[in-house]
Amino acid sequence: MKQYTYYADDWAKHVMGPSIGMNAFIEFESKEIEISVVRNALKFLESNKVISNSTYSLDNYDNFVEAVKEHFHIPWTGISPRMRRLIYSINSINQPNAIVCAGIFCGYTYICNVGASIGSGASYNSRIHLGIELLEKEANLAKKNVENFVPNHGKNIICDDAVNWFNNFCNEKIDLLYIDAKSIEFDPKNQMLNGSVTESLYLKILKSAIPHLAPNALVLAHNSQNAQPTVSDYLNFVRTSDKFQTSINLVIDDAGLEVSKLY
Ligand SMILES: C[S@@+](CC[C@H](N)C(=O)[O-])C[C@H]1O[C@@H](n2cnc3c(N)ncnc32)[C@H](O)[C@@H]1O
C-alpha cells in the first residue's frame, strides 16, 4: 500500500468560501497556470501508476466549461476552477465505463466527473453515469441542470441515500466512485459533517460501495484537506486497507481530493 500527499505551492490561496463559492467560474489565476498546476498533479498520479498517462484534450475541456456555463444553475460550489479541471481530466484520461457520484447537490460535481463522457466536451462514452443526492429539492435542480446539459440525461440523477442505494439497488460494477456527501450546511471551519460519531458518512458510503467496485476502480473523495478531522476514519481506511493499491491526497486547493485506487 502506498500513500502520498501532493501539494501545489499556492494551494491555500484557492478557497471557495461562502461568497466566492457563489461564482463557480471565478478566476483565481491565468488559464496557463491552472493548466500547469493540474498537469503537475496528473503527472504525480501517473508516476505512482494511478492513471496511465497525463494527457487530455484542452479543447474538449474548454467546450465542457462553456456548456456548463450555458446550461447549469449553480447556487454555490466548493469546487474551485482548478479542482473542476482536475476531476474532469482524471475522468477523461481514466475513461471509466460506469460512474457513480454520491452527494451531488445541484449536479455540478456530477458533471465535472461525467462531462468527460457526455455532452459537447466528451472525449469518450461512458455506459453508466449516475448521480445520487439525498435531498429532493437539490436532486430536482441537478436533474434540471443535467437535462439542460444533455437532453434525456436527467434520469441519471437519483434522489436517495447513497448507502441505501448501494446496499439495495446497485447491480453494476463501478469503475469510478466520487464521494462528496455531507450535510448541506457543511462548513469546513466548523467541521460539521453528518454521520455517526463512530463512523463518517464517507466511510459508510465507501463500505457499502466496495462490493460493487470493479478491479482497479478509482475512488475520488472531495474535501480530503479541509475536512480531514471529520473524515479521518475514511482517509485512514483508504490509506491502510489492503483493498487499495495506492491513495494520494492531491492538495491543489484548500479542499483537496483524495484519489484511491483499488486492487
Ligand atoms: C455540501 S454538498 C456537496 C457540494 C459540492 N462539493 C459542490 O461543490 O457542489 C453535499 C451534498 O451531499 C448530500 N448528501 C448528504 N448525505 C447524503 C447521503 N447519505 N446520500 C446522498 N447524498 C447525501 C447533501 O444533501 C448535499 O447536497
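Just so you know, residue 1 is the first one in the sequence shown, and it goes up from there. A quick note: this is a predicted structure, and the numbers were derived from the prediction, not measured. In each ligand, atom 1 is the first atom listed, and ligand 1 is the first ligand listed.
- Atoms of ligand 1 lying under 4.0 Å from at least one heavy atom of Asp160, given by number and element, are 20 (N), 21 (C).
- Within the listing of ligand 1, atoms 7 (C), 8 (O), 9 (O) sit less than 4.0 angstrom from a heavy atom of Thr77.
- Taking the six-membered ring where the residue is Trp, Phe44 and Tyr6 present tilted rings, their angle falling between 30° and 60°.
- Listed by number with element, the atoms of ligand 1 under 4.0 Å from a non-hydrogen atom of Ile79 are 8 (O).
- Distances below 4.0 Å separate heavy atoms of Gly78 from the following atoms of ligand 1: 7 (C), 8 (O).
- Checked against side chain to side chain donor-acceptor pair (under 3.5 Å), Ser224 has the following partners two or more places apart in sequence or in another chain: Asn249.
- Cation-pi geometry between Lys243 and Tyr263 is not met: the NZ or CZ atom fails to fall both under 6.0 Å from the ring centre and inside 45° of the normal.
- Checked by distance only, ligand 1 and Asp180 come closer than 3.5 Å through their nitrogen or oxygen atoms.
- Closest approach of Ala98 to Lys173, counting heavy atoms only: CB-O, 3.3 Å.
- Below 4.0 Å from some heavy atom of Asp161 lie the following atoms of ligand 1, by number and element: 18 (C), 19 (N), 20 (N).
- Tracing side-chain contacts under 4.5 Å through hydrophobic residues (I, L, V, M, F, W, Y), one never reaches Ile104 starting from Ile132; they form parts of separate clusters.
- Heavy atoms of Leu135 come nearer than 4.0 angstrom to ligand 1 in at least one pair.
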